[in-house]
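We use all heavy atoms of the structure for the numbers below, so side chains are in, but hydrogens, waters and symmetry mates are not. Because the structure is predicted, anything quoted here is derived from the model rather than measured.
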Amino acid sequence: MDKAQLILLGLPIFLFCSDLFNLFTPPPPKPPSHRPNQPPHIPHQQRPPVFIPETLDFPSQKPSSLGGAVGYGNTVEINFCVSCSFKGTAVTMKKMLETAFPGLDVVLANYPPPAPKRLLAKVVPVAQMGVIGMIVAGDRIFPMIGIAQPPAWFNSLRANRFGSMASTWLLGNFLQSYLQSSGAFEVLCNGELVFSKLKEGRFPGEIELRDLISKTLTRPSIVAGSY
């Protein structure tokens, strides 16, 4: 077996071990969420003096409906598909909302696929290793399970051993990536769904999302029993 064959054989094994390590490694602990409505504690001796700037009241100056104290005490959740490379869009929306609504707590989280797809995604690496092992040592495995003559498909795979192993590895990685993706970009404001990519089939625009959050935050609350 020459150097090229060793590289072709060792590369799929190395990638498989790397996938198994990433699959069973527990996720890192989430950092404590910062609550903007609770300012950091400053000792009484070190508390700086507070200066209240005076604003001039011009007739042409209109109060903005965005920002101010609207964001304090409110939470926006952006649940997106991590394996779909939606993180960049989610971070951009997070920065935009934090700028438009000071004090708003924007939380980013992964939107997992359904349970059957998650289960199949864990089975794919095992099937990959089984097919590769069958290609490498099938001539010894089939007699052990009582099959004296290997089937025709095994002979076809064995004829191009390294090409079959590489194709199996690439196809398995594609299936695993597809099964782990949900295609979601869901935005919730205080637990209320304001935008869903699964329903709309598109991403929200920055101005569109800002207006949706503004309408939700400034919506008057209805108190039960009051008429």
Side-chain angles (χ1 to χ4, degrees), residues 15-16 18-20 22-31 33-36 64-68 70-128 166-222:
L15 294 175
F16 174 76
S18 176
D19 282 357
L20 284 182
N22 294 331
L23 182 64
F24 295 101
T25 300
K30 294 183 178 180
S33 60
H34 174 65
R35 297 183 179 179
S64 174
S65 60
L66 301 178
V70 177
Y72 287 95
N74 297 287
T75 303
V76 171
E77 301 177 20
I78 302 179
N79 301 323
F80 61 97
C81 175
V82 174
S83 61
C84 301
S85 302
F86 292 168
K87 186 175 181 180
T89 305
V91 172
T92 301
M93 295 296 182
K94 172 182 170 70
K95 293 180 180 179
M96 181 273 297
L97 292 176
E98 290 176 343
T99 302
F101 306 96
L104 183 66
D105 188 15
V106 182
V107 181
L108 304 182
N110 179 38
Y111 190 97
K117 294 182 67 175
R118 295 200 303 267
L119 180 61
L120 289 176
K122 295 183 178 180
V123 174
V124 168
V126 180
Q128 276 181 309
S167 301
T168 301
W169 190 257
L170 293 176
L171 180 61
N173 288 347
F174 173 78
L175 288 176
Q176 189 175 9
S177 176
Y178 169 75
L179 293 172
Q180 289 177 348
S181 63
S182 60
F185 195 90
E186 315 299 293
V187 183
L188 296 90
C189 182
N190 295 328
E192 178 183 353
L193 183 66
V194 296
F195 186 87
S196 173
K197 181 179 179 295
L198 297 178
K199 295 180 180 179
E200 300 292 337
R202 60 178 178 85
F203 285 100
E206 293 189 14
I207 299 177
E208 177 188 9
L209 184 60
R210 185 186 64 184
D211 293 342
L212 290 173
I213 298 298
S214 176
K215 291 178 182 179
T216 305
L217 294 180
T218 57
R219 181 185 305 164
S221 58
I222 301 176

Donor-acceptor under 3.5 Å (T216 side chain, C189 main chain): no
Distance in Å, L108 CG paired with N79 CG, rounded so as to fall on 0.5 Å steps: 9.0 Å
Heavy-atom pair of closest approach, residues F80 and N110: O-OD1, 3.2 Å
Side chain to side chain contact (heavy atoms under 4.5 Å, CB included) assessment of N74 paired with D105: CA-CA 6 Å; N74 297 287; D105 188 15; over 6 Å; no
Check against side chain to side chain contact (heavy atoms under 4.5 Å, CB included), L179 and L119: CA-CA 9 Å; L179 293 172; L119 180 61; over 6 Å; no
Separation between CD of Q128 and CG of L170, rounded to the nearest 0.5 Å: 9.0 Å
Sub-4.5 Å side-chain heavy-atom contact between V107 and I78: no
Shortest non-hydrogen contact between P112 and R118, atoms and distance: CB-NH1, 3.9 Å
Donor-acceptor contact below 3.5 Å, side chain S181 vs main chain Y178: yes
Test applied, side chain to side chain contact (heavy atoms under 4.5 Å, CB included); reference residue, F101; option that passes from L217, V76, V106: L217
K117 NZ: over 12 foreign heavy atoms closer than 6.0 Å: yes
Closest approach of A184 to Y111 (non-hydrogen atoms, all atoms of both residues): CB-CD2, 3.3 Å
Backbone of N173 reached by a side-chain donor or acceptor of S177 within 3.5 Å: no
Criterion side chain to side chain contact (heavy atoms under 4.5 Å, CB included) on I213 and V187, from CA distance to verdict: CA-CA 9 Å; I213 298 298; V187 183; 4.3 Å; yes
Please list, one pair per line, the donor and acceptor atoms closer than 3.5 Å that link side chains of residues 193-203 to other protein atoms, with sequence neighbours excluded.
{"from": "S196", "atom 1": "OG", "to": "E186", "atom 2": "OE1", "distance (Å)": "2.4"}
{"from": "S196", "atom 1": "OG", "to": "E186", "atom 2": "OE2", "distance (Å)": "3.4"}
{"from": "S196", "atom 1": "OG", "to": "L198", "atom 2": "N", "distance (Å)": "3.4"}
{"from": "S196", "atom 1": "OG", "to": "K199", "atom 2": "N", "distance (Å)": "3.3"}
{"from": "K197", "atom 1": "NZ", "to": "G183", "atom 2": "O", "distance (Å)": "3.4"}
{"from": "R202", "atom 1": "NH1", "to": "E208", "atom 2": "OE1", "distance (Å)": "3.1"}
{"from": "R202", "atom 1": "NH2", "to": "E208", "atom 2": "OE2", "distance (Å)": "3.0"}

Charged N-O contact under 4.0 Å between R210 and E206: no
Min side-chain heavy-atom separation C84-F185 under 4.5 Å: no
